Each structure stands twice: as C-alpha cells, then as structure tokens.
Amino acid sequence: MKISHVSTLSLSQSLRHSISRMQSEMASTQKMVATGRVDDSGLALGAGSSRLISLRGDQNRILAIIDTNHMAITRMSASQDAIGQVIVRAQDILESMASGMSQNTDPAIVVQSAKAALGDTLNVLNTSLHGDFIFSGINSDSRAVADYETGPAKAAFDAAFLGFFGFTKNDPAAELIDEPTMRTFLDTVVEPLFLGAGWNTNISAASDEGILSRITLSQTAVTSVSANESGFRKTVMATVIVSELFDGNLSANALNAVADKSTELSGEAVADLSELQGRTGLVEEQLDRANSRLQSQADLLEGYADSLEAIDPYEASTRLTSLLTQIETSYALTARIQQLSLMRFMV
Amino acid sequence: MSLSTALNIAQSSLFNLSRQTSVVSNNISNAGNENYVRRSAALESMNPGVRFVSVRRHADVELFRSSIQSSANFEAQNTLHSHINGLKSSIIGANGELSVSSHLTAFHNALQVYSASPSDGLLGEAAVNSAKDLVRRLNDAANAIQSTRTSVDAEIGANVDRLNSLLSDFYEANKEITKGTIAGTDVSNALDRRDTLIKEISKIVPVSTIQRANNDLVLMSNGATLFETTPRDVTFTPQTAYGPSTVGNLVRIDGIPVDAGTGANTTAKGSLAALLQVRDTVTVDLQNQLDEVARGLIDTFAERDPSGGGLPALAGLFTYPGGPGVPAAGTVVQGLALTISVNSLFDPAQGGDPALLRDGGANGAGYIENTSGAASFADRLIRYNEALDAPIAFDATAGIGSSKSLVAFAADSLGWLEGYRASANEAAITKQALAVQLNEALISESGVNLDEEMSRLLDLENTFEASARLIRAVDQMLQDLLAAVR
C-alpha cells in the first residue's frame with residue numbers, strides 16, 4: 001500500500017493560496033516603496049499609534065504657537081519703533097527748552113514745536129495693527145489716548161489753572177504769577193492730572209494689564225506695552241505745559257519755572273522710555289528664543305514621527321524584486337504542474 | 001475444478017469490475033470537491049473467485065477534528081478582525097483623519113490662535129466652529145459604534161438561524177446514515193454530507209462529536225448539547241436598535257448561554273462568540289472612551305465662579321441634555337458622546353456669541369471673568385488651552401488609565417483601537433495559516449488523486465480484458481469439447 005497520499009485538489013489549491021498571499025504582500029510592499037512609509041501605520045505600530053498621533057498633534061500645536069508668536073513679535077517691534085519715536089519727541093522738547101531759554105526765542109515758536117511734539121506723541125500712542133490699538137493693553141478695541149485739544153484733558157487743565165489762581169492764563173493778572181507759585185501749581189495740581197489719576201480719566205483708555213500670550217507650551221508672557229507707562233505720561237505732560245503756558249500772559253520768571261519743569265520731565269521721560277525699550281527688547285528676545293526653541297522642537301517631533309512610520313526603502317525594494325521573482329516562478333510552476341497528468345500519456 | 005466454475009469466476013470478476021469502475025468514476029467526478037472523501041472498493045476473496053464486499057471511505061478522523069477546530073478558531077478571529085477593521089475605518093479613518101484625537105488637536109490649535117488675538121471675533125468664531133466639528137465627530141463616532149452593535153446583533157440573529165437550519169439538515173443526514181448502516185448499504189455520500197455540515201456548524205460554534213452505535217453522532221458545543229438524536233434549540237432574540245445603554249440578549253444552546261470571547265487574540269471559537277465579543281465588550285469599551293472624552297470636554301470648559309465664591313460649576317462651551325450641571329468627575333456617563341453639543345449661546349450660527357469663550361458669563365453675570373470687557377483679555381483662553389494638556393481624572397473602566405490629559409486620553413483611545421486591531425490582525429494571520437495548512441492536509445489525505453484513479457482504471461481495463469479472454473477461452477474449450485462429443 002502507498003505510504004502517503006496527495007490529492008490533485010490540494011496540489012492546485014496550495015499553489016493558489018501561496019500566489020494570492022504573495023500578491024497581497026506585493027500590493028503592500030509596492031505602496032511602501034512608493035511612499036517610503038509603512039503601508040498601514042495602525043497595524044505596524046499597534047498601540048504605539050497613540051504616540052504617533054500625539055507627536056503629530058504636538059507638532060501641529062507647536063507650529064500654531066510659532067505662528068501666533070510671530071503676531072506678538074510684530075506687535076512688539078511696532079511698539080519698539082513707536083517708543084523710539086516718542087523718545088525723539090521728548091529729546092526735541094529738551095532741545096527746544098534749552099535753546100528757547102538761552103536765546104530768548106519767540107514763545108510762539110516754542111509753543112508750536114511743543115504742540116507738534118504733543119500731537120506726534122499722541123498719534124504714535126494710537127498706532128494700530130490689524131485693527132488692534134497696540135498701546136491699549138487688553139482694551140485693544142479702543143484708542144489708547146484721546147486727542148488733547150478736543151478731549152477732556154485741555155478742559156481739565158484750564159479748570160485746574162482757574163481753580164488754583166482764580167483767573168485764566170490769558171488774564172492780565174497772570175503776569176504777576178511768580179516762579180515759586182508757578183512751580184507749586186505745576187507740582188501739586190498739574191502733575192496729578194498726568195502722572196496721577198487724571199491720566200486715566202482725561203486721556204488714556206488703555207489698561208495697565210498687558211496682553212498675555214502663550215509663547216511656548218508651558219510659558220506665558222505679556223506681549224504689549226501700555227500707554228500708561230510713566231515715560232509716555234511725562235512726555236505728554238512736558239509738551240502740554242509748554243504748549244499751554246507759553247501761550248498765555250505769563251512773566252518770564254513764571255515761564256522759567258515751566259521750562260524747568262518741562263526739561264526735568266522730558267529728561268525723566270527719555271530715561272523711562274529707554275528703560276521701556278530695554279524691557280520690550282527683552283520680551284522680543286524671549287519670543288525669538290521661544291520660536292527658535294519651538295522650531296527645533298517641531299523639527300525633532302517631525303523626525304520622531306517620521307521615524308516611527310519610516311521603512312528602509314532599499315529593503316522594501318529588494319523585497320519587492322524577490323516577490324516578483326517568486327510570483328513568476330510560482331506561475332511557471334503552476335503551469336507545469338497542471339500539465340503533469342497521467343491523462344497526457346494515456347492514449 | 002470445472003469449466004463452469006471458471007466461467008462463474010470470470011463472470012463475477014466482470015460484475016465486480018463494473019462496481020469498481022463506478023467507484024473510480026465517482027472518485028474522478030469528485031476530484032474537485034473538497035468535501036468529498038475518496039472511496040475505494042474493498043474486495044474480499046472467497047471460494048470460488050472474488051466477491052465484492054464494500055466501499056471503503058478514506059476518512060481521517062483525527063485530521064478532520066483538528067481541521068474543524070482550527071477553522072472555528074480562524075472563523076472567530078476573522079470575524080473579530082473584520083469588525084475591528086470596520087470600526088477603525090468609521091472611527092479613525094484610514095490615516096487618523098476621522099479620529100476624535102485629530103479633531104481635538106484642531107480645536108486646540110484654534111483656541112491657541114484665538115488666545116493670541118482675543119480681539120478678533122472671526123478667530124473666536126473659528127474656535128467655536130472647530131468645537132462644533134469636534135462635537136459632530138464625537139456624535140458620529142458614537143452613532144457608528146451603536147450602528148455597528150445593531151448590525152452585529154442582526155448578524156448574530158442570522159448566524160443563529162443558519163445554525164438551526166444546519167442542525168435540521170444534520171438530523172436528516174444522520175438519520176439516513178444510521179438507517180443505512182443498520183441496513184448495510186453504502187452510506188458514503190450521506191457521511192460526506194454530514195461531515196460537510198459539521199464543518200459548516202463549527203464555523204459558527206465549536207463542535208465536538210461523540211460517535212455512537214450505527215454511526216450515530218452526538219454534537220456538543222462547550223458542554224451544551226447541539227444534537228442528540230434530534231437537534232436542540234438555539235435561541236436568540238435580536239434587538240431592533242441599539243443605544244449606549246442597550247444590553248444585547250444572550251444566545252442559548254439548549255438553554256445554556258454562549259460565552260463571548262475575550263482579548264484581541266480572541267478566546268472565541270466560532271463566529272458567534274466573536275460577534276458577541278464585538279457587541280458586548282469591544283464596542284462598549286470604545287463607547288466608554290468616547291463618553292469619557294465628551295465628559296472631559298464638558299468638565300474642562302465648564303464655567304466656574306471667577307471670584308472663587310460659591311457658584312456651582314456649570315456647563316460652558318460644551319453642554320449636554322443633562323446640563324447645565326457638570327457630570328460627576330471620574331465616572332463615565334453612558335451615551336454622553338452621543339448627546340454632547342456646543343452650547344447655542346456660543347454658536348454664531350444660532351445667534352450666539354463666541355466672545356463668551358473669552359469673557360465667560362454664559363451662565364449669568366456671576367460667571368463673567370472679563371468684567372471690564374477688554375477686547376484682548378486672553379487669560380481665560382490661555383487657561384483653557386493649558387487645561388487641555390493638564391491631567392484630569394478618567395474612569396478606569398474605559399480601559400486606558402485614570403489620570404491623563406484630555407489630549408493624551410483621546411490619543412490613547414485611538415492607540416487602544418489600533419493596538420487591538422494590530423493584535424487581532426496578527427492572530428488572524430497565524431490562525432489562518434494553521435487553518436489553511438490543516439485543511440490542505442485534510443484535502444490532501446482524503447481527496448482524490450486523478451493519476452492514482454487513472455492507473456487504477458488501467459488496472460481495471462487489464463482485468464477486464466483478462467476476464468473477457470478467460471470467458472472466450474472457456475467458451476472455446478467448451479465448444480471444442482462439444483465438437484469432440486458430436
């Protein structure tokens with residue numbers, strides 16, 4: 001009796017099975033060769049797929065933060081630029097005070113240059129970017145500062161003058177105001193209007209609270225400069241007192257006090273604003289550093305995520321070639337085996 | 001020994017030849033039938049001459065048993081695998097584009113962009129729209145899970161019906177075999193049919209057989225009697241529709257419930273146990289995970305008293321029909337993913353205001369955090385952004401840990417399903433290899449080899465020729481004898 005038996009059906013069926021298995025393997029290998037990635041990352045990574053999607057998610061978030069940081073950087077450099085312009089104005093006042101006092105320049109010219117400096121300063125403080133007023137703090141939908149001439153500030157100044165002296169600055173009696181009285185007026189009455197609570201009621205709508213930004217995944221920073229900073233207040237006050245009081249009927253002595261105060265204020269303003277520029281620069285640098293850190297982090301994550309899915313292209317293409325050879329052999333074999341029948345030899 | 005005896009022997013040889021030829025031709029005609037077991041004519045020598053005794057059927061009982069076992073294992077694994085694949089494509093998508101996790105990331109990004117420019121109402125609208133996408137995805141995924149459960153339940157019903165009809169066919173085949181065996185007739189065809197039925201049944205439930213007198217078979221399945229003289233009832237009542245809290249009915253064989261399989265490399269044997277596993281564990285776990293994501297969202301975006309006072313936390317951007325109260329922490333709320341929605345107060349398409357996300361106050365003035373109404377107030381948005389990354393408590397019954405961030409939980413939910421799919425796929429490949437190999441061995445052992453049958457046919461031709469010559473020789477001898485006598 002025969003030892004082992006093999007049926008005709010099993011011969012042809014096993015060939016069919018192996019061919020279909022190789023063909024499906026070829027389809028996935030072909031895709032791997034074309035894309036350089038695994039055919040089905042879910043099957044290849046299994047539970048590790050959560051790592052892949054986390055990496056991709058983190059990468060996306062980091063790229064989003066880089067984008068939003070760019071907006072903050074734009075805001076900071078616009079602020080930096082604006083502060084620079086205000087410093088120039090404050091220095092202008094310093095200069096014109098110095099030259100005005102020594103050369104007995106016509107007060108009207110001094111007033112005009114002070115008025116121009118005031119208008120410029122207020123204008124700069126109302127800089128807007130994408131519809132946001134950058135010096136308004138978090139109240140970015142309202143103008144940082146109101147106009148001086150048409151706003152409540154001028155009225156408040158005039159009222160303060162009248163309240164202190166009992167007459168207006170154009171009154172003939174104003175000529176009699178002496179230097180110490182004027183100094184007292186400026187220090188005790190005008191100063192609160194600008195450096196104190198009056199600033200927020202009469203001029204500024206900005207909030208002290210700056211715009212908070214999330215600059216890395218775990219770090220936040222204030223990325224705006226408020227119009228309420230002392231440097232701005234002092235610049236405005238220095239220009240206002242000159243443009244208001246040089247305009248009136250005051251004696252040279254009183255004007256001396258005004259010029260002194262204005263020089264003092266604008267000197268302080270330049271110092272304060274320079275310091276503010278420094279602080280702004282620090283935030284800019286922080287943003288820059290955050291961005292370069294985030295970018296390298298994103299690159300790293302990209303690399304990780306890619307390496308999870310990546311395959312060796314050489315291995316995949318050699319596998320594809322060997323599969324092709326195998327399948328071809330298998331076809332040839334099938335044809336040969338199908339011909340292998342006793343029937344062909346029986347006539 | 002007389003001439004007439006010789007003639008008789010030759011005659012009987014011719015008769016046997018015709019029976020043998022019919023067996024051979026039957027074999028040849030079934031060469032392509034994988035359920036056919038090859039036969040051979042067993043001859044027994046008797047005096048005088050040769051007598052045809054019986055048809056022998058070359059069944060390999062051991063191989064048959066291992067083959068049906070492995071095919072039950074493979075069928076279960078394959079059923080599980082294909083349903084997991086279906087769930088993957090409806091819940092994750094081919095490359096994760098449908099996943100809750102990727103939608104959560106998109107929403108997270110939209111929040112980040114909004115937090116950088118809180119004064120830009122369009123960005124707020126974009127964030128709310130992104131939240132709506134996320135919610136829609138959660139709803140869709142939860143719906144997909146429940147419709148999978150419904151269709152699996154229907155499939156279980158169809159399997160049970162098929163099992164019952166197979167059992168009644170089995171009854172007919174078994175009856176024919178016992179009758180035929182008692183009567184001593186050839187029952188090979190009926191045996192083939194009965195074996196085929198066992199193969200089919202074992203694809204649905206695991207089968208073990210007990211052979212009794214007269215070729216009578218008893219079928220058992222995991223201790224439950226499937227068939228004993230008569231088929232036993234397999235009962236099941238399908239549910240018409242599934243909701244998150246619907247519990248599927250049991251399948252009972254002769255009153256004993258069928259157990260669901262467990263694990264990605266499933267313990268289930270036969271499609272029925274695998275279907276029960278999909279219906280009662282895999283989809284339920286997935287649903288719990290989605291519900292936890294939904295609860296996490298409602299909780300994270302709930303409005304809390306900004307002054308730290310006694311106001312209760314109430315649902316904010318994300319709400320649900322049980323709102324505005326916030327669901328209890330760390331406990332899964334069944335069906336939350338199906339009913340979670342974006343609060344219409346935030347939705348510009350429904351007349352709402354996305355700025356509520358920045359300012360708070362959807363639940364009344366006591367909840368307003370940005371009291372001055374500042375346009376660039378970002379604290380709250382930044383806090384939401386960071387809350388999505390901060391660990392919160394999840395229900396451990398969802399199967400993927402109890403303390404992690406919402407973003408990580410959503411990613412792990414995806415990883416859980418992919419991990420399940422990868423293991424199920426691997427196990428399916430292994431089990432398929434075994435099932436195919438055993439089936440091939442079985443076919444190889446009990447199938448027909450055409451060459452063998454042809455050579456047997458040649459033998460038969462030769463025997464026929466010899467017998468015919470014998471008859472002619474005897475005839476010649478008799479004629480010679482008669483001529484001599486004449």
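Every value quoted in this text rests on a predicted model; they were computed, and no experiment measured them. Order of the sequence lines sets the chain letters (A, B, ...), proteins ahead of strands, with each chain counted from 1.
Taken from OG in A:S7 to CG in B:L442, the straight-line distance is 9.5 Å, to the nearest 0.5 Å. The structure places CG of A:L9 at 5.0 Å from CD1 of B:I443, a figure rounded to the nearest 0.5 Å. To the nearest 0.5 Å, the span separating OG on A:S213 from CD1 on B:I382 amounts to 6.0 Å. Summarising the geometry, atom NE2 belonging to A:H130 is positioned 7.5 Å from atom OG belonging to B:S117; distances are rounded to the nearest 0.5 Å. Rounding to the nearest 0.5 Å gives a distance of 6.5 Å between CD of B:E418 and OG of A:S41. Note that the CD atom of A:Q59 and the OG1 atom of B:T105 stand 11.5 Å from one another [nearest 0.5 Å].
In terms of heavy-atom pairs under 4.5 angstrom with chain A, the leader among B:G415, B:S376, B:A408, B:A410 is B:S376. Across A:G210, A:A72, A:S140, A:A64, the residue that shares the most heavy-atom pairs under 4.5 angstrom with chain B is A:S140. For chain B, the option among A:R56, A:R51, A:Q13 with the highest count of heavy-atom pairs below 4.5 Å is A:Q13. Heavy-atom pairs under 4.5 Å with chain B peak, among A:L52, A:I65, A:I215, A:T223, at A:I65. By number of non-hydrogen pairs under 4.5 angstrom with chain A, the leading residue of B:V113, B:V407, B:N425, B:N385 is B:N385. For the set A:D58, A:L63, A:L45, A:I211, the entry with the most heavy-atom pairs within less than 4.5 Å of chain B is A:I211. Among A:A47, A:G137, A:S12, the residue with the largest count of heavy-atom pairs under 4.5 Å with chain B is A:A47. No other option in B:A110, B:S101, B:A378, B:S413 has as many heavy-atom pairs under 4.5 Å with chain A as B:S101. Ranked by heavy-atom pairs under 4.5 Å with chain A, the list B:M454, B:H108, B:Q112 is led by B:Q112. Between chain B and the residues A:D132, A:T68, A:N69, the most heavy-atom pairs under 4.5 angstrom are made by A:T68.
No more than 12 heavy atoms of other residues, nucleotides or ligands lie within 6.0 Å of CD in B:E426, so this atom counts as exposed by the packing criterion. Counting non-hydrogen atoms of other residues, nucleotides and ligands closer than 6.0 Å to CZ of A:R319 gives a total above 12.
Contact check for A:L342 versus B:E453: no side-chain heavy atoms found under the 4.5 Å cut-off. For the pair B:L414/A:S49, a side-chain contact is recorded, criterion being any heavy-atom separation below 4.5 Å from C-beta on. Side-chain contact between B:L450 and A:S341: absent, with no pair of heavy atoms (C-beta onward) separated by less than 4.5 Å. A:T220 places a side-chain heavy atom less than 4.5 Å from the side chain of B:E386. Residues B:S99 and A:I53 are in side-chain contact: their nearest non-hydrogen atoms beyond the backbone lie under 4.5 Å apart.
Contact between B:A422 and A:G46 at its shortest, heavy atoms only, is CB-CA, 3.6 Å.
With hydrogens and angles left out, the side-chain atoms of A:D141 and B:S119 include no donor and acceptor closer than 3.5 Å.
At a 4.5 Å heavy-atom cutoff, A:S207 makes no contact with chain B through either its backbone or its side chain. Using a 4.5 Å cut-off between heavy atoms, B:L458 contacts chain A through its side chain alone, with no backbone atom that close. Both the backbone and the side chain of A:S14 come within less than 4.5 Å of a heavy atom of chain B. In this structure, no portion of B:N95 lies under 4.5 Å from any heavy atom of chain A. Only the backbone of A:L340 comes within contact range of chain B, judged by heavy atoms closer than 4.5 Å.
Ion pair A:R214/B:D389 flagged as a salt bridge, since at least one NZ, NE, NH1 or NH2 atom sits closer than 4.0 Å to an Asp/Glu carboxylate oxygen. The pair B:R421-A:D40 meets the salt-bridge criterion, with a side-chain N (NZ, NE, NH1 or NH2) lying under 4.0 Å from an Asp/Glu carboxylate O.
B:N449 places a side-chain N or O within donor-acceptor distance of the main-chain N or O of A:V6, the cut-off being under 3.5 Å. With hydrogens and angles ignored, the 3.5 Å screen pairs a side-chain donor or acceptor of A:T8 with a backbone N or O of B:V448. Between the side chain of A:H5 and the backbone N or O of B:S444, at least one donor-acceptor pair lies under 3.5 Å.
Within the structure, salt bridge (charged side-chain N to carboxylate O under 4.0 Å, His left out) contacts touching residues 62-82 of chain A (residues at least two apart or in different chains) do not occur.
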